Amino acid sequence: MSYGPISVAIESSSSLFTKILHYTQSTNLPKGQSLHAHLIKIGSSSSCIYLSNSIVNLYAKCHRLSDAHLAFQEIQNKDVVSWNCLINGYSQSGRRDSSISVLKLFKQMRQENALPNPHTFAGIFSAVSSLGDAGFTGKQEHCLAFKLGYLSDVFVGSSLLNVYCKAGRNHIVEARKMFDEMPERNSVSWTTMISGYAWQRLVKEAVGVFRVMLWERGDDANEFVFTSVLSAIALPEFINVGKQIHCLSLKNGYLWTVSVANATVTMYAKCGSLDDACSAFELSSEKNSITWSALITGYAQNGDCEKALKLFSEMHYSGMNPSEYTLVGVLNACSDFDALREGKQVHGYLLKLGFEPQMYILTALVDMYAKCGNISDARSGFDYLKEPDIVLWTSMIAGYVKNGDNENAMGMYCRMLKEGVIPNELTMASVLKACSSLAALEQGKQIHAHIVKHGFRLEVPIGSALSTMYAKSGSLHDGNLVFRRMPARDLVSWNSMMSGLSQNGCGTDALELFEEMLLEGTKPDYVTFVNILSACSHIGLVERGWSIFKMMSNEFGIEPRLEHFACMVDMFGRAGKLYEAKEFIVSAASQVDHGLCLWRILLSACRNYRNYELGAYAGEKLIELGSQESSAYVLLSSIYSALGRLEDVERVRRLMNLRGVSKEPGCSWIELKSQFHVFVVGDQLHPQIIHVRKELWKLSKLMKDEGYKPHFDPCLELEEL
DNA sequence: ATAGGGTTAG
């Protein structure tokens, strides 16, 4: 009869239990693990359900989900707490795959007839809410929780509220109804509702709930409430509300928590007031990497990339370690600043710090390489991932568009659709841009069909990209229809519609649109004037063009750029006012560094009007300035030959050879039955070249029969040789 | 005795 060993076992078991709790709370994994080993050794790990559950919880809280799962499977007599520890471990990781595991576990739990309790549902709903609208399966679980009578539990209620809040615009009204009907609400419920509205960019509603809360339950406010409501304010028009909340947080003492201070910096940055963001940053008592990231990203997003990069180096010297988010912000700054060298350094930094190549990091890298013109490195980054998400696809497609490779952009888009990825608004805008550049009306129409199919609205950027596509492809009527049906037009939409009209010979309509735009109160920018001046040039309105050119700087304070000078020279040139054009170029020299561009335009105009004297003058200017354009040399030498100045012809030809300028052969292509046929000038290689030539001959004859007279010009002929 | 919900940085 000896009770000794048993009492020792019991005693150590209870002290072991206290230890596990302690290690779990302090997430001390090494100590916890050795304790687990000890438990296995003395064989008491399976004897006591409290101990076994605590082991599962230990691993779960230390983010060792697979170990938690193993410990869970070892338990013979699982109870609801065992399930809850594992389920909540998975749901707290916030990762997508873990959230899916939660749903699987729950299904398994019910198959094994374990009865969930309110703790279980809190975890389930938390996981479901992190899946957003894509994983909105909350209805069944909602019913079950209702059936079991758990909805009055404030934990269950709040987490379920979050499911509806994160399930997309369509569910936010149900969420509000649920919130209004909750039998018990605490600060978490209020935070959830406010951040739900913030998530949907429903600023007024978010601030409204916040106001009611301060009024009714001011004592329940905490830093979470403040960070949520601040996150709702992300547009310049709401900056005054933001300032009020900022003051309130200061008055109530919440500004001294890092999260509220960070949210304040972010709020000002998103509202476009970088000065306020900067002072909020400087006044924040405690800075972490998020504080720095918020300001760096703020500068990057407001176009001040230089400042963003400078801040990053300051951060480095202050000894603060960057997080992935900081580096992503810096990468974005590099992308918009065309800073490939710095971008590569950040890439190196990311590798050095050993960050997991998560989707958003890779997206930022691909975006950076693509925007900085390094499309092949962008593509390697893209190919690295097995299942690129829509943002990554869009970055890659936009990258091709930006680098002028519209064919590859379209090819990527087709591949993306084949792989079942649903495009977003930015994807559509990018591929439409590619169609515009290719003047690919048929493909553009297909994209239009996708836009209708996916239910995208004709807002900026899709609306303006679509109207541009139609206008640039020559379908002015359709372009105008889309333009008129847009709920709101921004400057870019007006500009692109104007350019469509002007490029397709409807200069008068472009000018009318310009007047309409001014009447509607939209302020023109330099692009507007490029379009308008080019419209004047195309329809020969020299006087009008002149007055608009003057109006641009006098009335709108826009200094003329090279493009405007070019339009003006073109305008004079087309109207045959060649000497005015020359005078204009000479006078422009004091205002803009036009280099070769303006003389080249004048040279063409001189050719069209056969003014060989002035043409020779312009051509000599071009050669003097070291032009690398073959057409300039060819034109000039043909002008000299037309003037009979053979030594000059010889001189220009020699110079052309000396400088290694050569004419690129003309090339065109056509897509037939998804195969591209390419033709080069004087082509003999196409397998069906004989048939092509026969057809060409037939067409020429038809043209001549219809009365077409080819335009023979000694200059022109020579140039085309 | 063990287990639960909400916030900020892309």
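What's counted below: heavy atoms across the whole structure, side chains too, no hydrogens, waters or symmetry copies. Values in this document were obtained by computation on a predicted structure and should not be read as measured data. Throughout, a chain's letter reflects where its sequence line sits, starting with A, and its residues are numbered from 1.
Using a 4.0 Å heavy-atom criterion, one finds that Val328(A) contacts the sugar-phosphate atoms exclusively. Note on Val225(A): nothing from the nucleic acid sits closer than 4.0 angstrom, heavy atoms only. Ser259(A) comes within 4.0 angstrom of a base, heavy atoms only. Using a 4.0 Å heavy-atom cutoff across all strands shown, Val56(A) reaches no nucleic acid atom at all. Contacts of Ser187(A) with the nucleic acid, taken as non-hydrogen atoms under 4.0 Å apart, include base atoms.
The base of dG6(B) does not come close enough to the side chain of Asn186(A) for any donor and acceptor atom to sit less than 3.5 Å apart. Between the side chain of Asn117(A) and the base of dA3(B) there is at least one donor-acceptor pair of N/O atoms closer than 3.5 Å. At a cut-off of 3.5 angstrom, counting only N and O atoms as typed in the model, there is a donor on one side and an acceptor on the other between the side-chain of Thr227(A) and the base of dT7(B). Looking at Ser158(A), its side chain comes within 3.5 Å of the base of dG5(B) through a donor and an acceptor atom.
The shortest distance between the side-chain N/O atoms of Lys270(A) and the OP1/OP2 oxygens of dA9(B) is below 4.0 Å. Phosphate contact (OP1/OP2 of dG10(B), side-chain N/O of Gln358(A), threshold under 4.0 Å): absent. The side chain of Lys19(A) contributes no N or O atom lying less than 4.0 Å from OP1 or OP2 of dA1(B). Contact annotation: Lys61(A) reaches the phosphate of dG4(B) (side-chain N/O to OP1 or OP2, under 4.0 Å).
Listed nucleotides dG10(B), dT8(B), dG5(B) differ in distance to Asn332(A); the shortest reach to its side chain belongs to dG10(B). In this structure, the nucleotide among dG10(B), dT8(B), dA1(B) sitting nearest to the side chain of Cys48(A) is dA1(B). Between dG4(B), dG6(B), dT2(B), one nucleotide has an atom nearer to the side chain of Ser54(A) than all others, and that is dT2(B). Closest contact between the side chain of Ser126(A) and the listed nucleotides dA9(B), dG5(B), dG4(B) involves dG5(B). Across dG10(B), dT2(B), dA3(B), the shortest atom-to-atom separation from the side chain of Tyr325(A) is found for dG10(B). When the nucleotides dT2(B), dA3(B), dT8(B) are ranked by their closest atom to the side chain of His119(A), dA3(B) comes out on top. When distances are taken from the side chain of Asn53(A) to each of dT2(B), dT8(B), dG6(B), the shortest belongs to dT2(B). Proximity note for Asn57(A) (side chain, C-beta onward) versus dG6(B), dA9(B), dA3(B): the nearest is dA3(B). Closest to the Asn262(A) side chain, of the nucleotides dG5(B), dT7(B), dT8(B), is dT8(B). The side chain of Phe224(A) lies closest to dT7(B) when the candidates are dT7(B), dA9(B), dG10(B).
The CH2-C1' distance, from Trp199(A) to dT7(B), rounds to 11 Å in whole Å. In this entry the distance linking CG of Leu365(A) with C1' of dG10(B) reads 12 Å, nearest Å. Between Phe281(A) atom CZ and dA9(B) atom P there is a gap of 16 Å when expressed in whole angstrom units. Atom pair Leu148(A):CG and dG4(B):P shows a separation of 20 Å (rounding to whole Å applied). What separates OH of Tyr150(A) from P of dA3(B) is a distance of 18 Å, to the nearest Å. Distance Asp153(A) CG to dG4(B) P: 13 Å, rounded to the nearest Å. One can place CD of Gln92(A) at 6 Å from P of dG4(B), the figure rounded to the nearest angstrom. If you take CG of Asn162(A) and P of dG4(B), they are 17 Å apart, rounded to a whole angstrom.
Minimum heavy-atom separation, His36(A) to Tyr59(A): ND1-OH, 2.9 Å. The two residues Ala175(A) and Leu161(A) come nearest to each other via the heavy atoms O-CD1, 3.2 Å.
No side-chain donor-acceptor contact under 3.5 Å links Tyr369(A) and Arg379(A).
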Would Glu306(A) and Lys310(A) count as a salt bridge (Lys or Arg N to Asp or Glu O under 4.0 Å) here? Give the steps.
CA-CA 6 Å; Glu306(A) 221 170 340; Lys310(A) 224 181 116 209; over 6 Å; no
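At least one test fails for Lys287(A) against the ring of Trp292(A): distance under 6.0 Å to the centre or angle within 45° of the axis.
Using bins of under 30°, 30° to 60° and over 60° for the plane-to-plane angle, the ring pair Tyr349(A)/Phe312(A) lands in the tilted bin.
If you take OG on Ser82(A) and CD on Gln73(A), they are separated by 12.5 Å, rounding to the nearest 0.5 Å.
By the 5.5 angstrom centroid cut-off and the 30-degree plane limit, Tyr360(A) is classified as not stacked against the base of dG10(B).
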